[in-house]
Amino acid sequence: MSLLVVGLSHRSAPVSVLERAALSADAQIKLLQDTVAAEPATEAAVLATCNRIELYADVDKFHAGVAELSTLLAQHSGVGLDELTPYLYVHYEDRAVHHLFSVACGLDSMVVGEGQILGQIKDSLAKAQELHSAGRLLNDLFQQALRVGKRAHSETGIDRAGQSLVTFGLEQLSSGTPVEDWARGKKALVIGAGSMSSLAAATLARVGIAEIVVANRTFDRAERLAQILAEADDVDVLARAVPMESVPVELTRADVAVSCTGATGLVLTAEQVAAAVDGRPGRAVAFETADGSGRTTAKAPAARTGADAGDVRQTPLPPTSVGSDEGCPLDLTAVQGGFSVMGEAAVAGMDAATLEQHAAWAAGSAVDRREAARRSPEADAELITALAATVATVGRIPERRKPEPVVEAPRPAPVLALLDLAMPRDIDAAVHRLAGVRLVDIESLAEASADAPMAADVDQVRRIVSDEVAAFGAAQRAAHITPTVVALRTMAADVVANEIARLEGRLPGLDDKHRSEITQTVRRVVDKLLHAPTVRVKQLAAEPGGAGYADALRTLFDLDQETVASVSRAEDSTDKNRGPR
């Protein structure tokens, strides 16, 4: 059997595809069950996080395994196989081990070095063990991945190469201001009470947020998280829980909101966020949309009276200015389509004087029409030919309207910062267009961290991963021959027992003392004969290409294949019942 992983992540697929392919808890369970029921696979585990979906399996055929795992991923994600396939990656044997160890160390994370992935790997293994889909190979693999990840974090400074997703998101929201200074005195709303939301809440409390409100569909879980925050000794923060129905009201009071739920649809729409910003005292928001002409307009809130009349409002952004038609020498209505055509057809039917006059107007100068009128037809032909050559080179003739600088209205400073850590997204991406709102989501985090500097510790972690992959491969190859060695020693013990029984039949008067001494002597002889070859065959099997030694041992000693298989089944049964170390 061989290790195979098929998956997609933020490195191989756009966020839009990852969102659609996200697996619910029930879908993950069904995927595991269907995978181990499929012919090529005997073990399976799913690693599903906010930015990756990976299916690990122990398969007996590579090509059949890739086809089956890819099909199952498509079926359970709801994304068609043809659409999903371009974004899938495949790792096999040692490359699959190397990939998981790199993931466990945070080398493959959106933010390099983040440690949350270790908890997600542990949860993945626990789920596979609960469903009895993880056997000896995946138990060993995932438990070793956890140890490698912990080693990387304890022996190197990989944590300095990047921050947790939450911390990195807050750094993006603070726009260069130290997070502690930016967060001091602010009020935060945390939507969700799962592991990521809990991490977000703890991080917010640690950086100095003054008040945290936790909202969750299960109110008891929100209360429990709020209580943990309020009773923590190392932070000083006011914390309380509210039901999900209170989110719109709490959003009007919040300076920052973090959302990470398991919802399959949007938790906050752009309209809800706009209403929340507009609903706070002294604030109003403009929501930019595209009308039929392609220009952006703004839906401004209704005018207020009294104390609200002095509110500072975001005025609609003016349309892009493309100049005035005033003074243009061309009859624009007669040549509307002519300026987009390359070649002589672009200027066909226009006299040279008019074209030159237009070019001069676009450049801000002037041409004497009387001088142009005195030109001969030959001169006109030369000018038209020159203009046609220019069109063929640059693809256009001079602009028919004089360009003017584009005037952009400044956007106001954000009054509400939003951090969306969910996959699929919790917050409508259209919130990006709301004035007074700053949104950071998984997609923008990926873009921001793409060029993040890599610390020197990353190289050390990569060396650790390489060493651990080699050690794991050697251990697996050595373990592969263990059932054969056990079967050989079992056969030798049976031979000794049979020969002692025959000796007792020939020497019925043999006393117990002599019988015991003879038995021990025969066993020592057999053990000494088997010791060197069994130790050496384990060493040889641990080396690359050593898988054939088990077959050689079975052939040389005429071992029963079923006896070897029964030893393997017994070991697998024991491994499936093991919990994470």
Side-chain angles (χ1 to χ4, degrees), residues 1-3 36 39-43 57-61 93 129 132-144 470-579 581:
M1 303 299 285
S2 303
L3 178 64
V36 293
E39 182 180 349
T42 57
E43 301 181 35
D58 188 5
V59 300
D60 58 0
K61 299 174 183 177
E93 292 287 41
Q129 289 173 335
H132 303 289
S133 67
R136 180 186 60 82
L137 176 60
L138 293 187
N139 268 295
D140 289 348
L141 174 68
F142 275 68
Q143 289 173 356
Q144 186 63 25
F472 182 82
Q476 288 297 305
R477 288 188 290 270
H480 178 70
I481 204 172
T482 298
T484 304
V485 172
V486 171
L488 173 60
R489 289 191 172 276
T490 300
M491 184 191 74
D494 291 340
V495 170
V496 170
N498 291 334
E499 291 302 318
I500 293 298
R502 290 179 61 186
L503 180 63
E504 289 178 348
R506 294 178 180 178
L507 300 174
L510 194 66
D511 59 53
D512 292 342
K513 179 180 179 181
H514 289 93
R515 182 186 302 106
S516 176
E517 189 65 35
I518 293 172
T519 300
Q520 292 298 326
T521 299
V522 174
R523 286 176 177 170
R524 282 195 296 271
V525 171
V526 171
D527 285 343
K528 287 182 178 180
L529 287 173
L530 291 180
H531 176 73
T534 54
V535 170
R536 183 59 180 152
V537 79
K538 287 183 178 180
Q539 295 172 342
L540 292 172
E543 298 175 359
Y549 285 100
D551 294 333
L553 205 60
R554 286 193 296 268
T555 301
L556 288 172
F557 287 93
D558 194 22
L559 297 176
D560 180 33
Q561 181 64 42
E562 180 56 32
T563 302
V564 177
S566 65
V567 175
S568 298
R569 287 194 296 269
E571 290 184 350
D572 288 345
S573 177
T574 301
D575 288 332
K576 282 191 176 184
N577 294 321
R578 286 189 303 181
R581 298 174 185 173

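Between the CG atom of L503 and the NE2 atom of H514 there is a distance of 12.0 Å, given to the nearest 0.5 Å. Note that the CD atom of E39 and the CG atom of D60 stand 7.0 Å from one another [nearest 0.5 Å].
When every heavy atom of S2 is checked against every heavy atom of L137, the shortest pair comes out as C-CD2, 4.5 Å. Considering every non-hydrogen atom in both N139 and A134, the closest pair reads ND2-O, 3.3 Å. Of all the heavy atoms in S133 and L138, the pair that sits closest is O-CD1, 4.5 Å.
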- Show your reasoning for whether side chain to side chain contact (heavy atoms under 4.5 Å, CB included) applies to V526 and V495. CA-CA 10 Å; V526 171; V495 170; over 6 Å; no
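Under the 4.5 Å side-chain criterion, counting only non-hydrogen atoms from C-beta, L510 is in contact with I518. By the 4.5 Å heavy-atom criterion applied to side chains, H531 and D527 are not counted as neighbours.
Without hydrogens or angle criteria, T490 side chain to V486 main chain gives a donor-acceptor distance under 3.5 Å. In this structure, the side chain of E43 does not engage the main chain of D58 through any donor-acceptor pair within 3.5 Å.
The existence of a salt bridge linking D512 and R515 is confirmed by a sub-4.0 Å separation between a basic side-chain nitrogen and an acidic carboxylate oxygen.
For E504, the CD atom is densely surrounded, since the number of other residues' heavy atoms within 6.0 Å is greater than 12.
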